[in-house]
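Here the structure comes first, spelled out in structure tokens, and everything after it is commentary.
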Amino acid sequence: MSQSSTYDVIIIGGGHAGIEAALAAARLSASCALVTTNSDHIGLMPCNPSIGGPAKGQIVGEIDALGGEMGHAADQTHIQLKILNRSRGPAVQCLRAQNDKWEYQAHMNQVIHQHPNITVITDTAQDLIIENNQVKGAICQTQTLYAHSVVITTGTFLKGRLHTGLTNKEGGRDSEPNTTHLSDCLAKHFKLGRLKTGTPPRLDRDSIDFGPMDLQPGDTEFLRFSFRSAPNQRYLNQIDCYSTYTSLKSHDIILNNLDRSPLYTNVIQGTGPRYCPSIEDKVVRFKDKPRHQIFIEPEGRNTNSIYPQGLNTSLPEDVQLAFMKQMPGLENVKVLKYGYAVEYDFIYPNQLKRNLESIAIKNLFFAGQINGTSGYEEAAGQGLIAGINGALNAQNRAPFILTRQNSFIGTMIDDLITKPIYEPYRMLTSRSEYRLLLRQDNASQRLSEAAFEIGLLSVSQIQQLRNTHDEINAHQKRWKKHRTDRALNEKFNLSQPTPLINILKRPEAQISTLLEHQLISPDETESAQRALVEIKYEGYIEKQKKEITKINALDSLVIPKTLDFNKIKGLKEESRSKFITYRPHSIGDAKKVAGINPADIMVLITYLKKCQLTPAFSSPQHQ
């Protein structure tokens, strides 16, 4: 060890969690050391270079509302943008970006290296300095670092092992070494588990026939994740994506080679993500489906590398090539890099507090895949909270806690620390009972004032957001006073002038209606859209609040031991299976079962009430 240095916060790992942790701590004026084995790989997107999507887009919005970088980076580097679920309500609509992976990585690298409070250290963390159950720093391969707080964001690197077919080797991801010593250190203080994730092959664009595939274009309008992103022309130069399908012949090849799969020969011990399974998993689990949709997405503007989303696999290379050649458009495909699975250590996150600090070791924080999650967005959201609290801890300030009631990030953290994790956790809109309140479009209204109070947003940034919020409120006040004119009466078949606010609650009243009748100007479209959503959702939100109150009031309600869950119509099959397995004693226990969403709880409560299967329903407080 040739040297030592002292910082307020040490962040171990330069992935999405590490980036947001370092930037959050640095914004709070903490001196930070970001330790990474390869400084060029800060911000690397080792899987699909996409940001956002269902539930993930909400997390990105919350990261941005708290001053984080992910949404801004996605805005600056996207090759395609689109709003998903446009035909459904705003609570499940979400923005998704396909990004240029090299531009995104370069953007994050620049932001990290240029921040005056961040020192990037290219080294490998091997051990922690722990005295009297309190972390004091980290021992790296070439130096010792001291700090008040340490944040660990090691992703898939803890004893990572890469699998392709029955061949495997040590590695955190392709062509990068894993971390063994740090895992051994953590095992002395924490209960560790083993999880698995994977990535698909990368395909040569020039070998693909896009003719038989379905075109998947982006949206032809300016869209953005971040309030800091000014309107630009990037959206006018988007790159098309496509979709194709597996075939029965593809499935036959996969099923005939399961004896060469590390998943089906017990070579891999870790559990994979249920909501992003490998293609061999999908073919085995859903044998009744003749095909599975696969999205063909470019990895950047100036590359031939194509990412086939939905084709994660750890089958042998020859099998991968064989089953792809049976898919429309991939008959002559050439592979740039084959898919593989990675198995790695994680800590069970019920060993953490709500600020992501360890219960056992003071001032030690964890974020990202090491906490049993999957996904860039989930990692970044945790990294942000861990970095904030690492800095606040070093400054002797109160912790910053997000809750289920005010954020998807808070919901995720609550799930992680209170429910058993037996597979990589992925955020879903259905996991939040407050999902109508926690939309991507209102993240700044929910969180930015709190972010400003602790120092995460500048005066100019909060003023920009306040101006937008004032515009939203002004729209609503004006519309409440306005009555329909002759043109609007004709459009909506009204016999007399009516309060405009009542008309705007109708499904057919859209932002185009306001523009057409000159009730807003074009440059007010974004704020008016947010105001319109608030109006449309007002009644639904009140109903949801009542349902939440009902569920919470019935936590102690006993579920009969003899209850036959198979008779309850409306339960998802997955939830039914879990209820049968775990046999929760009460509604409160049922809510704690991993993967059970609030809708399932309401179905269960309604069934118990309808059938009067518990005496609790006959007591006055439950009428």
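All residue numbers in this chain count up from 1 along the given sequence.
The backbone N or O of Leu437 lies less than 3.5 Å from a partner atom in the side chain of Asn442, making a donor-acceptor pair. Not one N or O on the side chain of Asn473 forms a donor-acceptor pair closer than 3.5 Å with the backbone of Asp470. Side-chain atoms of Ser577 do not come within 3.5 Å of backbone N or O of Glu573 as any donor-acceptor pair. Proximity of a side-chain donor or acceptor of Asp219 to a complementary backbone N or O of Ile83 within less than 3.5 Å is detected. Using a distance-only test at 3.5 Å, with no hydrogens or angles considered, a donor-acceptor pair links the side chain of Asn597 to the main chain of Ala599. Put simply, the side chain of Glu377 never gets that close to the backbone of Gly57: no donor and acceptor are under 3.5 Å apart. Here the side chain of Ser358 pairs no donor or acceptor atom with the backbone of Leu352 at under 3.5 angstrom. A donor-acceptor pair under 3.5 Å links the side-chain atoms of Lys419 to the main chain of Lys591, judged by distance alone. Using a distance-only test at 3.5 Å, with no hydrogens or angles considered, no donor-acceptor pair links the side chain of Asn389 to the main chain of Ala386. Judged purely by atom type and a 3.5 angstrom limit, Glu357 uses its side chain to pair as donor or acceptor with the backbone of Asn363.
A search for side-chain hydrogen bond (donor to acceptor under 3.5 Å, both in side chains) contacts involving Ser460 returns Ser458, not counting sequence neighbours. Residues forming a side chain to side chain contact (heavy atoms under 4.5 Å, CB included) with Lys159 (at least two apart in sequence, or on another chain): Thr180, Ser183, Asp184, Arg194, Asp345. Remark: Phe190 pairs with Phe366 by the ring-ring contact (aromatic ring centres under 6.0 Å, His included) rule, at least two apart or across chains. In this structure Ser444 satisfies the side-chain hydrogen bond (donor to acceptor under 3.5 Å, both in side chains) test together with His469, Arg530, sequence neighbours excluded. Residues forming a ring-ring contact (aromatic ring centres under 6.0 Å, His included) with His72 (at least two apart in sequence, or on another chain): His107. Considering only residues two or more places apart in sequence or on other chains, Ser575 meets the side-chain hydrogen bond (donor to acceptor under 3.5 Å, both in side chains) condition with Asp600. Taking Glu526 as the reference, Arg224 meet the side chain to side chain contact (heavy atoms under 4.5 Å, CB included) condition, with sequence neighbours excluded. Considering only residues two or more places apart in sequence or on other chains, Phe579 meets the ring-ring contact (aromatic ring centres under 6.0 Å, His included) condition with Phe565. Partners of Tyr348 by ring-ring contact (aromatic ring centres under 6.0 Å, His included), not counting sequence neighbours, listed by chain and number: Phe346.
The closest side-chain heavy-atom distance from Thr199 to Tyr307 is below 4.5 Å. Counting heavy atoms from C-beta outward, Ile12 and Thr154 have side chains that approach closer than 4.5 Å. Taking 4.5 Å as the limit, some side-chain heavy atom of Ile63 sits within range of a side-chain heavy atom of Ile409. Annotation: side chain of Thr119 is not in contact with side chain of Cys32 (no heavy-atom distance under 4.5 Å). Annotation: side chain of Phe225 is in contact with side chain of Gln440 (closest heavy-atom distance under 4.5 Å). Using a 4.5 Å cut-off on side-chain heavy atoms (C-beta onward), Leu186 and Leu128 make contact. Between Gln93 and Leu84 the shortest side-chain heavy-atom distance does not fall below 4.5 Å. Residues Leu438 and Gln405 are not in side-chain contact: their nearest non-hydrogen atoms beyond the backbone lie 4.5 Å or more apart.
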Discussion item. Assess the residue pair Asp441 and Gln529 against the criterion (side-chain contact (heavy atoms from CB on, under 4.5 Å)); give the C-alpha distance rounded to whole Å, side-chain angles, the decisive distance to 0.1 Å, and a yes or no.
Written reply: CA-CA 9 Å; Asp441 69 290; Gln529 177 64 41; over 6 Å; no
Item to complete: Report the C-alpha distance between Arg173 and Glu343 in whole Å, list the side-chain angles of each, state the deciding distance to 0.1 Å, and finish with yes or no for salt bridge (charged side-chain N to carboxylate O under 4.0 Å, His left out).
Response: CA-CA 10 Å; Arg173 57 191 174 211; Glu343 192 178 15; over 6 Å; no
Worksheet item: After noting the C-alpha distance and the side-chain angles of Val342 and Phe157, does the key distance pass the side-chain contact (heavy atoms from CB on, under 4.5 Å) rule?
Response: CA-CA 9 Å; Val342 55; Phe157 280 74; over 6 Å; no
Worksheet item: Would Arg466 and Glu471 count as a salt bridge (charged side-chain N to carboxylate O under 4.0 Å, His left out) if you check the C-alpha gap in whole Å, the side-chain angles of each, and the deciding distance to 0.1 Å?
Response: CA-CA 9 Å; Arg466 285 171 178 167; Glu471 283 183 33; over 6 Å; no
Worksheet item: What do the steps show when you test Glu378 against Arg426 for salt bridge (charged side-chain N to carboxylate O under 4.0 Å, His left out), and what is the final call?
Response: CA-CA 7 Å; Glu378 289 89 341; Arg426 178 180 179 180; 5.1 Å; no
Would you list the atom pairs, donor with acceptor, under 3.5 Å between side chains in residues 44-54 and any protein atom, with sequence neighbours excluded?
unit_1 : atom_1 : unit_2 : atom_2 : d
Asn48  : OD1    : Gln98  : NE2    : 3.1
Asn48  : ND2    : Glu297 : OE1    : 2.9
Ser50  : OG     : Arg96  : NH2    : 3.4

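A cation-pi arrangement is present between Arg431 and Tyr425 under the rule of less than 6.0 angstrom and at most 45 degrees off the ring axis.
Contact record, Ile421 with Pro349: CG1-CG, 3.7 Å, taken as the closest heavy-atom pair.
In this model, a donor atom of one side chain and an acceptor atom of the other lie less than 3.5 Å apart for Asn99 and Thr77. For the 3.5 Å distance criterion, the side chains of Gln58 and Thr429 fail to qualify, holding no donor opposite an acceptor. Side-chain contact check for Ser527 and His475: at least one donor-acceptor pair (N or O, by modelled atom type) lies under 3.5 Å. No donor-acceptor contact under 3.5 angstrom links the side chains of Gln105 and Asn109, judged on distance only.
Within 6.0 Å of CZ on Arg86 lie more than 12 heavy atoms contributed by other residues, nucleotides or ligands. By the neighbour-count criterion of 12 heavy atoms within 6.0 Å, atom NZ of Lys353 is densely surrounded, having more than that number from other residues, nucleotides or ligands. Heavy atoms from other residues, nucleotides or ligands lying under 6.0 Å from OH of Tyr540 number 12 at most. No more than 12 heavy-atom neighbours from other residues, nucleotides or ligands sit within 6.0 angstrom of CD on Glu538.
Pairs passing the salt bridge (charged side-chain N to carboxylate O under 4.0 Å, His left out) check and including a residue from residues 399-413, sequence neighbours excluded, read Arg404-Asp414, Arg404-Asp415, Arg404-Glu433. The side-chain hydrogen bond (donor to acceptor under 3.5 Å, both in side chains) pairs that include a residue from residues 9-31 are Asp8-Ser31, where partners are two or more places apart or lie in different chains.
Just one of Leu465, Asp64, Asp75 meets the side-chain contact (heavy atoms from CB on, under 4.5 Å) condition when paired with Arg228; it is Asp64.
For the atom pair Ile388 CD1 and Ile385 CD1, the distance stands at 4.5 Å (nearest 0.5 Å).
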